[in-house]
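Note that the coordinates shown come from a computational prediction; the quantities given were computed from them, not determined experimentally. Atom set for the values below is all heavy atoms of this structure, side chains included, hydrogens, waters and symmetry mates excluded.
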Amino acid sequence: MSLLEVRGLKKQFDGLVVLDGVDVDVEEGDIQGIMGPNGAGKSTLFNVINGIYTADGGSVRFRGQEIANKPVHRIATMGIGRTFQVARVFDEMTVLQNMLVPTVPLSMSRPEALRRAEELLEMATLDGVKANPAVEISGGQKKLLEFMRTMMTDPTLILLDEPFNGINPALIEVLIGIVRKLNNQGKTFLLISHEMPHVSELCNTVAVLAAGGNVARGSPSEVRENPTVIEAYLGQ
Ligand SMILES: Nc1ncnc2c1ncn2[C@@H]1O[C@H](COP(=O)(O)OP(=O)(O)OP(=O)(O)O)[C@@H](O)[C@H]1O
């Protein structure tokens, strides 16, 4: 059984079919990429998996349990974390305060939450800006902050939406190092990216979507050389 099994997933908005029977399998311990041309439905897929959108058909199973149409907080509690294409942080709060937000509804003690936040901020090289309001840090640092904030609840599966966009090369290296480290500790990742070099460096498996359907799945090199994938990208 895969950690995440998406079967025949359908989603439409006012007649616009965005997901037209999508299948995705994510094995426990994998780092899997999701690629596809603009508008392929990649972010919509994440939004259905984590409960922001309801599904119009199909199923999403996490550890064998149906999660489609469950509320966002329930899915988060079950162990799925996510980031957004444009990082969603609380600008007026400090970096450290942002980290503590997800721990408010949890039973985690304040010293334990602080210890975990400090450890994650250090991993992301954000410890030097922890007292700064989030509005003052760079876009790339905001993406790392959002990722580290997601890790506060210790999710099993982390969905990263375009993690390399708008982030400088030095921070990309930090980010890649964090994903590898967390993966070595047993975390599973599903990440949307257009950046083939980074996807090739990090991912074991890549699934390609186009026009709301599955186009290919395989290793980065298999996918890169697949004529249908090349056509899907060139045809956009
Ligand atoms: N809430 C919504 N209401 C209406 N249309 C939507 C909504 N969310 C997404 N869409 C449409 O669904 C389609 C797929 O969008 P989505 O963001 O999932 O694509 P994507 O593959 O992530 O693209 P990109 O690489 O450009 O981010 C687009 O045509 C988009 O306009």
Taking the side chain as C-beta and beyond, is there a heavy-atom pair between S59 and L9 under 4.5 Å?
no
Any chance you could lay out the side-chain contact (heavy atoms from CB on, under 4.5 Å) test for V199 and H194, step after step, and finish with the verdict?
CA-CA 8 Å; V199 169; H194 291 291; over 6 Å; no
Can you confirm whether I178 sits close enough to L144 that some side-chain heavy atom of one is under 4.5 Å from a side-chain heavy atom of the other?
yes
Got R61 and V6 here, is their nearest side-chain heavy-atom distance under 4.5 Å?
no
Applying side-chain contact (heavy atoms from CB on, under 4.5 Å) to F189 and L182, what does each step give before you reach the verdict?
CA-CA 9 Å; F189 287 88; L182 293 172; 3.9 Å; yes
Which heavy-atom pair separates G33 from C203 by the least distance, and what is that distance?
N-SG, 3.5 Å
Closest heavy-atom pair and its distance - N226, A216
ND2-CB, 3.6 Å
Reported CZ-to-OG1 distance for the pair F46 and T83, which is rounded to 0.5 angstrom:
7.5 Å
Does R82 make a cation-pi contact with F84 (under 6.0 Å, within 45 degrees of the axis)?
yes
With rounding to the nearest 0.5 Å, note down the distance linking CG in L45 to CD1 in I34.
5.5 Å
Do N165 and E195 come close enough that some side-chain heavy atom pair is under 4.5 Å?
yes
State, with a plain yes or no, whether a side-chain heavy atom of K142 is found less than 4.5 Å away from one of D91.
yes
What's the verdict on side-chain contact (heavy atoms from CB on, under 4.5 Å) for D127 and V95, showing C-alpha distance, side-chain angles and the deciding distance?
CA-CA 9 Å; D127 40 333; V95 167; over 6 Å; no
Taking atom CG of L100 and atom CD of Q97, what is their separation to the nearest 0.5 Å?
7.5 Å
Once you round to the nearest 0.5 Å, how far does CD1 of I192 lie from CG of L160?
9.5 Å
Is the count of non-hydrogen atoms from other residues, nucleotides or ligands lying under 6.0 Å from E66 atom CD greater than 12?
yes
Are M78 and V72 connected in the hydrophobic side-chain network, where two residues link if heavy atoms are under 4.5 Å apart?
yes
Here the pair of heavy atoms bringing V48 nearest to T54 is CG2-O, 4.2 Å
Answer yes or no: is there a donor N or O on one side and an acceptor on the other, between the side chain of D20 and the main chain of G213, under 3.5 Å?
no
Measure across M35 and M196 and return the closest heavy-atom pair with its distance rounded to 0.1 Å.
SD-SD, 3.5 Å
Keeping the roles fixed (side chain from Q32, backbone from D25), state whether a donor-acceptor pair exists under 3.5 Å.
yes
Check: R7 main-chain N/O paired with E5 side-chain donor or acceptor under 3.5 Å
no
Is it the case that the side chain of R116 and the backbone of M151 share a donor-acceptor pair, with hydrogens and angles ignored and the cut-off at 3.5 Å?
yes
Tell me whether E146 is salt-bridged to K143, with the criterion being a basic N under 4.0 Å from an acidic carboxylate O.
no
Donor-acceptor contact below 3.5 Å, side chain T94 vs main chain A131:
no
Kindly give the heavy-atom pair with the smallest separation between G41 and V18, and that separation in Å.
CA-CG1, 3.8 Å
For the side chain of R217 and the backbone of V223, is there at least one donor-acceptor N/O pair under 3.5 Å apart?
no
Hydrophobic clusters here meaning ILVMFWY residues chained together by side-chain heavy-atom distances under 4.5 Å, can you tell me if V60 and V26 are in one?
yes
Keeping T125 on the side-chain end and E122 on the backbone end, is there a donor-acceptor pair under 3.5 Å?
no
Checking side-chain hydrogen bond (donor to acceptor under 3.5 Å, both in side chains) for the pair S43/Q85: CA distance, chi angles, key distance, verdict?
CA-CA 8 Å; S43 295; Q85 213 166 327; 3.2 Å; yes
Would I80 and T156 count as a side-chain contact (heavy atoms from CB on, under 4.5 Å) if you check the C-alpha gap in whole Å, the side-chain angles of each, and the deciding distance to 0.1 Å?
CA-CA 6 Å; I80 300 182; T156 306; over 6 Å; no
F147, L96: one ILVMFWY side-chain cluster at the under-4.5 Å cut-off?
yes
Report yes or no: does K42 contribute a side-chain atom to a donor-acceptor pair with the main-chain N or O of L209 at less than 3.5 Å?
no
Give me the ring orientation class for H198 and F164: parallel if the planes are under 30° apart, tilted from 30 to 60°, perpendicular past 60°.
tilted
Can you tell me how far the CG atom of L145 sits from the CG atom of N98, to the nearest 0.5 Å?
5.0 Å
Does Y53 offer a backbone N or O that forms a donor-acceptor pair with the side chain of N47 under 3.5 Å?
no
All heavy atoms of V89 vs all of A134, minimum pair found to be CG2-CB, 4.1 Å
Just by distance, with hydrogens left out, do S2 and E27 show a side-chain donor and acceptor under 3.5 Å apart?
yes
Flag the pair L126 / Q141 as yes when at least one side-chain heavy-atom distance between them is below 4.5 Å, and no otherwise.
yes
Rounded to the nearest 0.5 angstrom, the CE-NZ distance for M123 and K181 is 4.5 Å
So, are D30 and K187 salt-bridged, with charged N and O less than 4.0 Å apart?
no
Should I67 and L190 be regarded as members of a common hydrophobic cluster, given that ILVMFWY residues are connected when their side-chain heavy atoms come within less than 4.5 Å of each other, either directly or indirectly?
yes
Crowded around K130 NZ? As in, over 12 foreign heavy atoms under 6.0 Å?
no
Assigning hydrophobic clusters by single linkage (Ile, Leu, Val, Met, Phe, Trp, Tyr; side-chain heavy-atom cutoff under 4.5 Å), is I176 placed with L159?
no
So V179 and I31, do their side chains get closer than 4.5 Å, heavy atoms only?
yes
Any donor-acceptor N/O pair, E222 side chain to S219 backbone, under 3.5 Å
yes
